[in-house]
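For reference, the structure discussed in these notes is given below.
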Amino acid sequence: MNATSRAKNDQGPLNGRGPLSKNEMAALVARDIPQGAFVNLGIGQPTLVADHLPADSGVVLHTENGMLNMGPAAKEGEVDPDLTNAGKIPVTELPGAAYFHHADSFAMMRGGHLDICVMGAFQVSATGDLANWHTGAPDAIPAVGGAMDLAIGAKKVYVMMTLFTKDGAPKLVPECTYPLTGLRCVDRVYTDLAVFDVTPQGLRVTQTFGTTLDELADRLDVPLLPAEA
């Protein structure tokens, strides 16, 4: 059962198996994107969301390298070396696809014309601060891309990430310790173990996968609110 089906079959907001795979997380994000929305998918895990959008969703995908109405990732036999997303992954085009200069693409981002952007993150704070372009390590290669423009320009910012690092450190933190991409810009965080809404009252856990609210509270150093009844 994929994440979309699983979410629909859950009897409550805190039920579900887990942890989710990357594709299950992507399917969950795709389910929550409204019909006809204009959306940017960040480099990395978020690009998988394109593969889970229904054909009749009407969602228009935008990439900062200059394309509107991008389709799913290209399969064998479909690859066009000139047709890639911002992460240099070969993609397909949907009917009505348009191409334009980088400057026009960034004007769309900065001008508030995108309904949602989905980005990866190194850290997200309890108040919705985002750190996703640099770990601060001396030998790390920063990769800001269009993240800062998307963080402040999109109407809603969704983050898709694993909840913990390979070493077990939380990525959802009281305050970001990595260089910031944007302040108080994240609206929702999708992880392999839970979905969190960033609200004025705090982080609200709307769904969990293979864990419980109490278990999450024990592992995270941030206050958590239960799902609304």
Side-chain angles (χ1 to χ4, degrees), residues 1-33 39 41-53 116-133 135 147 151 156-178 180-182 184-229:
M1 183 183 296
N2 62 33
T4 303
S5 299
R6 177 183 303 159
K8 289 180 179 178
N9 290 336
D10 284 346
Q11 296 303 308
L14 298 178
N15 295 328
R17 302 173 185 173
L20 299 184
S21 68
K22 292 178 182 178
N23 272 294
E24 287 177 317
M25 290 166 60
L28 198 63
V29 176
R31 180 203 67 176
D32 291 344
I33 294 177
V39 180
L41 303 177
I43 295 171
Q45 292 185 27
T47 60
L48 296 174
V49 173
D51 299 336
H52 296 275
L53 290 168
I116 297 171
C117 72
V118 185
M119 294 194 282
F122 295 129
Q123 290 178 329
V124 176
S125 79
T127 55
D129 298 339
L130 172 66
N132 78 339
W133 71 281
T135 63
K156 287 188 177 296
V157 175
Y158 292 168
V159 164
M160 178 180 166
M161 66 180 188
T162 56
L163 187 53
F164 298 94
T165 67
K166 293 180 180 179
D167 297 330
K171 295 183 182 180
L172 200 56
V173 294
E175 294 184 7
C176 294
T177 56
Y178 294 150
L180 290 177
T181 305
R184 297 179 181 269
C185 59
V186 177
D187 297 282
R188 183 175 295 165
V189 182
Y190 294 84
T191 77
D192 52 336
L193 293 173
V195 179
F196 305 84
D197 277 347
V198 182
T199 75
Q201 295 74 36
L203 290 169
R204 190 173 300 280
V205 182
T206 63
Q207 197 168 2
T208 63
F209 312 101
T211 188
T212 66
L213 181 63
D214 289 340
E215 289 171 343
L216 289 172
D218 287 340
R219 298 185 65 185
L220 298 173
D221 192 23
V222 293
L224 299 177
L225 303 172
E228 294 178 323

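Residue Gly120 comes nearest to Val159 through the heavy atom pair C-CG1, 4.5 Å, listed as atom of the first residue, atom of the second, then distance. Scanning both residues, Cys185 and Ala151, for their nearest heavy atoms gives CB-O, 3.4 Å. Contact between His52 and Ala26 at its shortest, heavy atoms only, is CD2-CB, 3.7 Å. When all heavy atoms of Ala126 and Val222 are compared, the closest pair comes out as CB-CG1, 4.0 Å.
Counting heavy-atom neighbours within 6.0 Å of Asp221 CG, excluding the residue itself, gives a total of 12 or less.
Residues meeting the side-chain hydrogen bond (donor to acceptor under 3.5 Å, both in side chains) test with Asp32, sequence neighbours left out: Tyr190. Applying the side-chain hydrogen bond (donor to acceptor under 3.5 Å, both in side chains) test to Arg204 and every residue at least two apart in sequence or in another chain returns nothing. Scanning for side chain to side chain contact (heavy atoms under 4.5 Å, CB included) contacts around Ser21 gives Asn23, Glu24, with sequence neighbours left out.
Atom CG of residue Asn132 and atom OG1 of residue Thr181 lie 3.5 Å apart, to the nearest 0.5 angstrom. Taking CD1 of Ile116 as the reference point, atom CG of Asp187 lies at 9.0 Å (rounded to 0.5 Å). Distance OG1/Thr191 to CG/Leu216: 7.5 Å, rounded to 0.5 Å. Taken to the nearest 0.5 Å, the CZ atom of Phe164 stands 8.5 Å off from the CG atom of Asp192. Thr212 contributes atom OG1, which lies 8.0 Å from atom CG of Asp218 (distance to the nearest 0.5 angstrom). Between the CG atom in Leu20 and the CE atom in Met160 there is a gap of 9.5 Å [rounded to 0.5 Å].
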Item to check | Worked verdict on Thr206 versus Arg188 for side chain to side chain contact (heavy atoms under 4.5 Å, CB included) | outcome: CA-CA 10 Å; Thr206 63; Arg188 183 175 295 165; 5.9 Å; no
Next on the checklist: I'd like to know whether Val124 forms a side chain to side chain contact (heavy atoms under 4.5 Å, CB included) with Leu130, so could you lay out the CA-CA distance, the side-chain angles of the two residues, the decisive distance to 0.1 Å, and finally the verdict.
Outcome noted: CA-CA 5 Å; Val124 176; Leu130 172 66; 4.3 Å; yes
Next on the checklist: Please evaluate residues Leu203 and Val198 with respect to the criterion side chain to side chain contact (heavy atoms under 4.5 Å, CB included), reporting the C-alpha separation (whole Å), side-chain torsions for both, the decisive distance (0.1 Å), and the verdict.
Outcome noted: CA-CA 5 Å; Leu203 290 169; Val198 182; 3.8 Å; yes
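Leu193 places none of its side-chain heavy atoms less than 4.5 Å from the side chain of Phe209. You'll find the side chain of Phe196 reaches within 4.5 Å of the side chain of Leu163, heavy atoms only.
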List the atom pairs, donor and acceptor, that lie under 3.5 Å between side-chain atoms in residues 44-51 and the rest of the protein, sequence neighbours left out.
from: Thr47; atom 1: OG1; to: Gly44; atom 2: O; distance (Å): 2.7
from: Asp51; atom 1: OD1; to: Ala73; atom 2: N; distance (Å): 3.0

Mind listing the side-chain donor-acceptor pairs of residues 169-178 below 3.5 Å, one per line with the distance, residues two or more places apart or on another chain?
from: Lys171; atom 1: NZ; to: Thr162; atom 2: OG1; distance (Å): 2.8
from: Thr177; atom 1: OG1; to: Gln123; atom 2: OE1; distance (Å): 3.4
from: Thr177; atom 1: OG1; to: Gln123; atom 2: NE2; distance (Å): 2.9

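Pairs engaging residues 121-130 under the salt bridge (Lys or Arg N to Asp or Glu O under 4.0 Å) rule: none recorded [sequence neighbours left out].
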